[in-house]
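Inspection log for the structure reproduced underneath, given as structure tokens.
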Amino acid sequence: RVGEVTAELATFFTSTYKRVFGFEAPPIHDAVAVAAVVEPEILKTRPMRVEIECRGELTRGETVCDLRGVWGKPPNTEVGLELDREVFFAILYRSLGKLVA
């Protein structure tokens with residue numbers, strides 16, 4: 001049943017993201033974060049300054065990453081930049097298989 005629900009959610013999010021944002025596939029940030037904890041080598045990261053724009057001067061409520069260090073502030077987190085998609089999906093499918101077994 002877990003696999004079925006996951007497939008239904010993926011189908012819903014895929015169609016919604018395509019309709020609303022024009023993306024071919026929805027982002028699955030949470031699953032990537034968990035997979036990177038399990039196998040850190042699947043995600044290449046870089047230290048970076050990240051802040052949330054709360055005043056609405058530029059993006060209101062969005063997460064903003066200082067990719068080039070123009071703010072002059074020290075990094076406060078690691079930002080994922082590259083993902084080994086093949087390994088990620090193997091982890092995801094393996095994990096879902098364990099839940100339904």
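Side chains are part of it too, since the values below use all heavy atoms of this structure and drop only hydrogens, waters and symmetry mates. Heads up: numbering here begins at 1 and tracks the sequence. This is a predicted model, so every value here is computed, not measured.
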Checklist outcome for this item: For residues 58-79, the ring-ring contact (aromatic ring centres under 6.0 Å, His included) pairs (sequence neighbours left out) are none
Flag yes if [X] and [Y] sit in one hydrophobic cluster, no otherwise; membership is Ile, Leu, Val, Met, Phe, Trp, Tyr, and two members link when side-chain heavy atoms are under 4.5 Å apart.
{"X": "F21", "Y": "L9", "value": "yes"}
{"X": "V20", "Y": "F23", "value": "yes"}
{"X": "I91", "Y": "V34", "value": "no"}
{"X": "F88", "Y": "L96", "value": "yes"}
{"X": "V87", "Y": "V38", "value": "no"}

Might you point out which heavy atoms bring [X] and [Y] nearest each other, and give the distance in Å?
{"X": "Y17", "Y": "P27", "answer": "CE2-CD, 3.4 Å"}
{"X": "T45", "Y": "G80", "answer": "CG2-CA, 3.9 Å"}
{"X": "E39", "Y": "R94", "answer": "OE2-NH2, 3.2 Å"}
{"X": "I52", "Y": "G61", "answer": "CG2-O, 4.0 Å"}
{"X": "A36", "Y": "I42", "answer": "N-CD1, 4.1 Å"}
{"X": "T14", "Y": "P26", "answer": "OG1-CD, 3.3 Å"}

Checklist entry - Are E24 and K18 ion-paired here, with the side-chain N under 4.0 Å from a carboxylate O? => result yes
Checklist entry - Under the side-chain hydrogen bond (donor to acceptor under 3.5 Å, both in side chains) test, which residues partner E51, sequence neighbours left out? => result R49, K73
Next on the checklist: side-chain contact (heavy atoms from CB on, under 4.5 Å), that's the test. Do L43 and E82 meet it? Break it down for me.
Outcome noted: CA-CA 6 Å; L43 187 63; E82 292 181 40; over 6 Å; no
Next on the checklist: If you apply the rule side-chain contact (heavy atoms from CB on, under 4.5 Å), what do you find for F12 with E8, and how did you get there?
Outcome noted: CA-CA 6 Å; F12 169 78; E8 290 169 9; over 6 Å; no
Checklist entry - Ignoring hydrogens and geometry, is there a side-chain-to-backbone donor-acceptor pair from E53 to R55 under 3.5 Å? => result yes
Checklist entry - What do the steps show when you test I28 against F89 for side-chain contact (heavy atoms from CB on, under 4.5 Å), and what is the final call? => result CA-CA 11 Å; I28 43 180; F89 280 105; 4.2 Å; yes
Checklist entry - Picking from D66, T63, V64, what satisfies side chain to side chain contact (heavy atoms under 4.5 Å, CB included) with V50? => result T63
Next on the checklist: Counting neighbours of CD on E86 that are heavy atoms of other residues, nucleotides or ligands and sit closer than 6.0 Å, is the number greater than 12?
Outcome noted: no
Checklist entry - What distance do T77 atom OG1 and M48 atom CE have between them, rounded to the nearest 0.5 Å? => result 9.5 Å
